[in-house]
Amino acid sequence: MKPPLSKHSIVFFQEKLLEWFKESGRSFPWRKKGLTQYQYIVAETLLQRTKAETIAKFYPQFIKDFPSWKALANTNLEKLETYLKPVGLYKQRSKRLVSLAQEMVKRKGRLPKERSELESIPFMGQYIANAVELIIFNQPSPLVDVNMSRVLERFFGPRKMADIRYDTYLQQLSYKIANHEQSKEINWAILDFAALVCRPKPLCFMCPVNRRCKNFISLSL
DNA sequence: ATCCCGTTAC
DNA sequence: GTAACTGGAT
């Protein structure tokens with residue numbers, strides 16, 4: 001047995017997934033170039049606990065109707081709830097979006113670069129803070145959600161803690177994976193791979209890294 | 001560690 | 001009917 005966390009296996013994983021992404025990666029409006037900070041952060045907030053395809057249909061119109069932090073900050077909460085009903089979690093989400101927008105208006109649209117200050121912004125948690133570092137600050141950073149965790153755990157071995165955000169093994173592993181010239185593409189590759197191949201019920205037969213995966217045999221029989 | 005809280009896919 | 005979905009706050 002080879003050591004599961006060897007540099008070699010990490011590079012193997014990165015390269016194979018980047019290759020897979022070029023062929024089979026998904027395309028979403030919030031992955032385009034030239035989005036404003038506002039547009040990107042709103043997308044991340046909408047995506048929480050919701051399928052990306054659902055938000056993809058909804059997002060372009062949302063940006064037209066609420067084009068800026070100011071527009072969103074001045075929106076009536078009940079109207080926003082009605083507006084968000086089709087995508088679910090409308091009470092949470094409207095509250096989050098408005099208070100986030102109001103905070104950003106106070107900050108004149110400027111994001112703090114200090115990590116702890118970034119996470120002090122209401123409803124800007126670990127995930128979105130990582131996404132801001134990755135997409136807006138252009139630094140390598142992992143988008144560690146339940147889906148990325150599932151993929152990494154299957155391939156590299158399971159975590160110990162129940163909560164992804166406090167599991168040091170998973171956190172360190174995900175930073176190693178994301179630490180790459182093409183950090184954005186790696187992250188998107190893993191998210192897409194999680195949604196299309198390494199699903200909760202995995203489709204191992206079409207997996208480009210199945211030969212080295214710890215769960216290949218047990219889960220595909 | 002626990003609560004929050006909806007649509008969709010299966 | 002239930003599990004799943006690009007989590008965050010307390």
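Labels below follow one simple rule: chain letters A, B, ... track the order of the sequence lines, proteins then strands, and each chain is numbered from 1.
- Of the two residues near DNA chain C, A:Arg199 and A:Gln126, the one whose nearest nucleotide lies more 5' is A:Arg199.
- Between A:Gln48 and C:dG8, a side-chain N or O to OP1/OP2 separation shorter than 4.0 Å is present.
- Taking atom CE on A:Met161 and atom P on C:dG7, their separation rounds to 20 Å, with Å as the unit.
- With 3.5 Å as the limit, one finds a donor-acceptor pair spanning the side chains of A:Glu44 and A:Tyr40.
- Listed by first then second residue, pairs satisfying side chain to side chain donor-acceptor pair (under 3.5 Å) with a partner in residues 14-25 of chain A number zero, not counting sequence neighbours.
- Here C:dA4 presents its P atom at 11 Å from CZ of A:Arg49, a figure rounded to the nearest Å.
- The distance from atom CG of A:Asp163 to atom P of C:dA9 is 13 Å, rounded to the nearest whole Å.
- The side chain of A:Asn147 places an N or O atom within less than 4.0 Å of a non-bridging phosphate oxygen (OP1 or OP2) of C:dC5.
- Within 4.0 Å (heavy atoms only), A:Val146 reaches sugar-phosphate atoms of the nucleic acid but no base atom.
- Between A:Ile164 atom CD1 and C:dC5 atom C1' the separation is 12 Å, expressed in whole Å.
- As judged by a 4.0 angstrom heavy-atom cut-off over every strand, A:Lys85 is placed among residues touching the sugar-phosphate backbone only.
- One finds a salt bridge joining A:Glu117 and A:Arg107 here, because a Lys/Arg side-chain nitrogen approaches an Asp/Glu carboxylate oxygen to under 4.0 Å.
- A salt bridge does not link A:Asp145 to A:Arg165: none of the charged nitrogens lies less than 4.0 Å from a carboxylate oxygen.
- Between A:Asp145 atom CG and C:dG8 atom C1' there is a gap of 14 Å when expressed in whole angstrom units.
- The residue among A:Lys51 and A:Arg93 whose nearest nucleotide of DNA chain B lies closer to the 5′ end is A:Arg93.
- When the side chain to side chain donor-acceptor pair (under 3.5 Å) test is applied to A:Arg115, the partners found at least two apart in sequence or on another chain are A:Glu119, A:Asn130, A:Glu133.
- A:Phe58 comes within contact range of no nucleotide atom at all, as no heavy-atom separation falls under 4.0 Å.
- Using a 4.0 Å heavy-atom distance criterion, A:Met124 is classed as a sugar-phosphate-only contact.
- Here the CD1 atom belonging to A:Ile190 is positioned 5.5 Å from the CG atom belonging to A:Leu152, to the nearest 0.5 angstrom.
- When DNA chain B is scanned 5' to 3' for any atom under 4.0 Å from a heavy atom of chain A, the first and last hits are B:dC4 to B:dC10.
- Using a 4.0 Å heavy-atom criterion, one finds that A:Ile128 contacts the sugar-phosphate atoms exclusively.
- You'll find a donor-acceptor pair under 3.5 Å spanning the side chain of A:Arg165 and the base of C:dG8, going by distance alone.
- The nearest whole Å value for the distance from the CE atom in A:Met148 to the C1' atom in C:dG7 is 14 Å.
- Nucleotides B:dC4 and C:dC5, compared at atom C1', are 15 Å apart to the nearest Å.
- In this structure, the CD1 atom of A:Ile55 is 20 Å from the P atom of C:dA4, given to the nearest Å.
- Note on ring orientation: taking the six-membered ring where Trp is involved, the planes of A:Phe155 and A:Phe13 are tilted (angle from 30° to 60°).
- The distance from atom CD1 of A:Ile121 to atom P of C:dA9 is 11 Å, rounded to the nearest whole Å.
- Summary of the strand contacts: A:Tyr166 and A:Arg150 both lie near DNA chain C, and taking for each the nucleotide with the nearest heavy atom, the more 5' one is attributed to A:Arg150.
- Within the 4.0 angstrom heavy-atom criterion, base atoms lie near A:Trp30.
- Between the side chain of A:Tyr59 and the main chain of A:Phe28, no donor-acceptor pair closer than 3.5 Å is present.
- Residue A:Arg26 is classed as a base contact, given a heavy-atom separation below 4.0 Å to a base.
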